[in-house]
Amino acid sequence: MIDFTRFPSPCYIMEEELLRKNLNLIKSVADRAGVEIILAFKSFAMWRSFSIFREYIAHSTASSVYEAQLALEEFGSKAHTYSPAYTESDFPEIMRCSSHITFNSLSQFRCFYPLVVAEGKNISCGIRINPEYSEVETELYNPCAPGTRFGITADLLPDILPEGVEGFHCHCHCESSSFELERTLQHLEAKFSRWFPQIKWLNLGGGHLMTRKDYDTEHLIRLLQGLKSRYPHMRIILEPGSAFTWQTGVLTSEVVDIVKSRGIKTAILNVSFTCHMPDCLEMPYQPAVRGAEMGNEGPYVYRLGGNSCLSGDYMGLWSFDHELHIGERIVFEDMIHYTMVKTNMFNGIHHPAIALWTKEETAEIYKEFSYEDYRDRMS
């Protein structure tokens, strides 16, 4: 149990024991299925914890030159890199930091693959494909929505892949189940399997939420084993983000004021939804609040408000079993994935600290933010 008195407020706190539980499950799936599962930095990039990850996995995936640098310099291995568009200025560093580079279009491949050849780098190149099938309902997160800018559809691929294309990358999921993967594989194979003899690897992207309680990992393993048996020459890669840090930690905050308007009580916190929990507004993702239930059925009902000047910086309603008081701690559950990687300093609001509650029950404060962090981002 986290001892919150040993951490500053507000603070993101990851629990090492919960992280290791997820890592053990993910490694077990990879080993039993005979595939490689790597960490996607787009969801989680708290690099001071990478020494724990390296006990279970060997590689990571990057979506930009900075993430690729983080992979090489902090994770300790070269990245599997995909970006919707590479630039001439970034590509030399992308090559230095990457073992695999996936291109979003044939035009990008034709532009940059000659540089890979000229450098003589031992880099495996691939292209992103689009099976035109996804069950993601929130359009903001649907990579296969009509008109998407992601990937090449089957009708645009030549019968013989360009020399140097060694793999396909496909991403169609978001917090999805193994049964959605099963249906995706049916579409993927129907459209693209005729090219599979020409490639060495298939990256099935992220969104495989195998650490969620209701996820059928045995079904996932059978699916992957079946895929491997049909195409034994292909290396299969998955790159989930959320699955690694799903339900591994919290964001702690405090009530700083309580205001009432037209019958609605709002507890204003020392954190912001738009600054520190943006997925709550974008997805929309409804967080769990420790000791509270969503809705207005209980005796003490509050809307939770952030401390920015954005009018919509609030979430709720939540029902508590007691009257809230200024200074009281409010704990948001499951706030490690897709939080720190997306936060901002809008309004110059104080950024929460970042910390680890170790398996030895000690508090490791990885980072506390200051005025200088805000100032130096502005100019």
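A distance below 6.0 Å separates the ring centres of F41 and F50. Residues Y374 and F346 place their aromatic rings such that the two centres sit no closer than 6.0 Å. Aromatic pair Y86/F91: centroids less than 6.0 angstrom apart. Ring-centre distance between W201 and H169: not below the 6.0 Å cut-off. Not less than 6.0 angstrom separates the ring centroid of Y366 from the ring centroid of Y12.
Within a 6.0 Å radius of CD in E297, no more than 12 heavy atoms belonging to other residues, nucleotides or ligands are found. In this structure, E55 places its CD atom where more than 12 heavy-atom neighbours from other residues, nucleotides or ligands lie under 6.0 Å away. Counted within 6.0 Å of NZ on K27, heavy atoms from surrounding residues, nucleotides or ligands total 12 or fewer; the atom is thus considered open.
Cluster membership for L181 and L209, using ILVMFWY side-chain heavy atoms within less than 4.5 angstrom, is not shared. When hydrophobic clusters are built by joining Ile, Leu, Val, Met, Phe, Trp and Tyr residues whose side-chain heavy atoms come closer than 4.5 Å, directly or via intermediates, Y66 is grouped together with L70. Cluster annotation: L324 and V271 are assigned to the same hydrophobic cluster (Ile/Leu/Val/Met/Phe/Trp/Tyr, side-chain heavy-atom contacts under 4.5 Å, transitive). Residues I354 and M345 share a hydrophobic cluster, clusters being chains of Ile/Leu/Val/Met/Phe/Trp/Tyr side chains in contact below 4.5 Å.
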*Go through R96 and E93 one step at a time and tell me if the salt bridge (charged side-chain N to carboxylate O under 4.0 Å, His left out) criterion holds.*
CA-CA 5 Å; R96 183 183 77 88; E93 186 67 0; 2.6 Å; yes
_Using the rule given for ring pair (Phe, Tyr, Trp, His ring centres under 6.0 Å), can you reason through F320 versus Y300, listing the C-alpha separation, both sets of side-chain angles and the distance that settles it, and then say yes or no?_
CA-CA 5 Å; F320 293 81; Y300 302 98; 9.2 Å; no
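Within the 4.5 Å cutoff, side-chain heavy atoms of I2 are placed close to those of F7. Side-chain atoms of W195 and V165, non-hydrogen and from C-beta on, never get closer than 4.5 Å to each other. M315 places a side-chain heavy atom less than 4.5 Å from the side chain of L281. Between L317 and Y302, the closest side-chain pair of non-hydrogen atoms is not below 4.5 Å. L269 places none of its side-chain heavy atoms less than 4.5 Å from the side chain of V256. Looking at L19 and M14, their side chains come closer than 4.5 Å, going by heavy atoms from C-beta outward. Between L304 and T266 the shortest side-chain heavy-atom distance does not fall below 4.5 Å. For the pair H100/I123, no side-chain contact is recorded, criterion being any heavy-atom separation below 4.5 Å from C-beta on.
For A68 against I94, the heavy-atom pair with the smallest separation is CB-CD1, 4.4 Å. Of all the heavy atoms in D159 and R194, the pair that sits closest is OD1-NH1, 3.1 Å. The two atoms that bring L188 and C170 nearest to each other are CD1-SG, 4.0 Å, heavy atoms only. The minimum heavy-atom distance linking A71 with A79 is given by the pair CB-CB, 3.6 Å. A243 approaches M210 most closely through the heavy-atom pair CB-N, 4.0 Å. Of all non-hydrogen atoms in R54 and E74, the two that sit nearest each other are NH1-O, 2.8 Å.
In terms of modelled atom types and a separation under 3.5 Å, the side chain of S77 and the main chain of A58 share a donor-acceptor contact. At least one donor-acceptor pair under 3.5 Å links the side chain of N104 to the backbone N or O of R149. A donor-acceptor distance shorter than 3.5 angstrom exists from the side chain of S253 to the backbone of I330, with no hydrogens or angles considered. The closest donor-acceptor contact from the side chain of S176 to the backbone of H173 lies at 3.5 Å or more, if one exists at all. Checked by atom type and distance alone, the side chain of D334 pairs as donor or acceptor with a backbone atom of Q247 at under 3.5 Å. Under the 3.5 Å distance criterion, the side-chain polar atoms of E15 are left unmatched by any main-chain donor or acceptor of G249. Between the side chain of D257 and the main chain of I268, no donor-acceptor pair closer than 3.5 Å is present. The backbone N or O of S311 sits nowhere less than 3.5 Å from a side-chain atom of Y314 that would complete a donor-acceptor pair. Using modelled atom types, one side-chain atom of H233 and one backbone atom of I199 make a donor-acceptor pair closer than 3.5 Å. Using a distance-only test at 3.5 Å, with no hydrogens or angles considered, a donor-acceptor pair links the side chain of S49 to the main chain of M46.
The CD atom of E166 sits 4.0 Å away from the NZ atom of K200 when rounded to the nearest 0.5 Å. How far CD1 of I13 is from CH2 of W357: 9.0 Å, rounded to the nearest 0.5 Å. Atom CD of residue E239 and atom NE2 of residue H80 lie 8.5 Å apart, to the nearest 0.5 angstrom. Summarising the geometry, atom CG belonging to L223 is positioned 14.5 Å from atom NZ belonging to K228; distances are rounded to the nearest 0.5 Å. With rounding to the nearest 0.5 Å, the separation of CG in L202 from OH in Y231 is 9.5 Å. Taken to the nearest 0.5 Å, the OG atom of S83 stands 7.5 Å off from the CD atom of Q108.
Here the rule is side chain to side chain donor-acceptor pair (under 3.5 Å) with T81, and of S63, S64, S60, S98 only S98 fits it. Each of Y82, F109, Y113 was evaluated against F103; a single residue qualifies, F109, per the ring-ring contact (aromatic ring centres under 6.0 Å, His included) test.
Both the sub-6.0 Å distance and the 45° axial angle are satisfied by K367 relative to the ring of F369. Seen from the ring of F150, R128 counts as a face-on cation partner, given the 6.0 Å and 45° thresholds.
A salt bridge links E16 with K359: the closest approach of a Lys/Arg side-chain nitrogen to an acidic carboxylate oxygen falls below 4.0 angstrom.
Taking the six-membered ring for Trp and thresholds of 30 and 60 degrees, F179 and H219 have nearly parallel ring planes, at less than 30 degrees apart.
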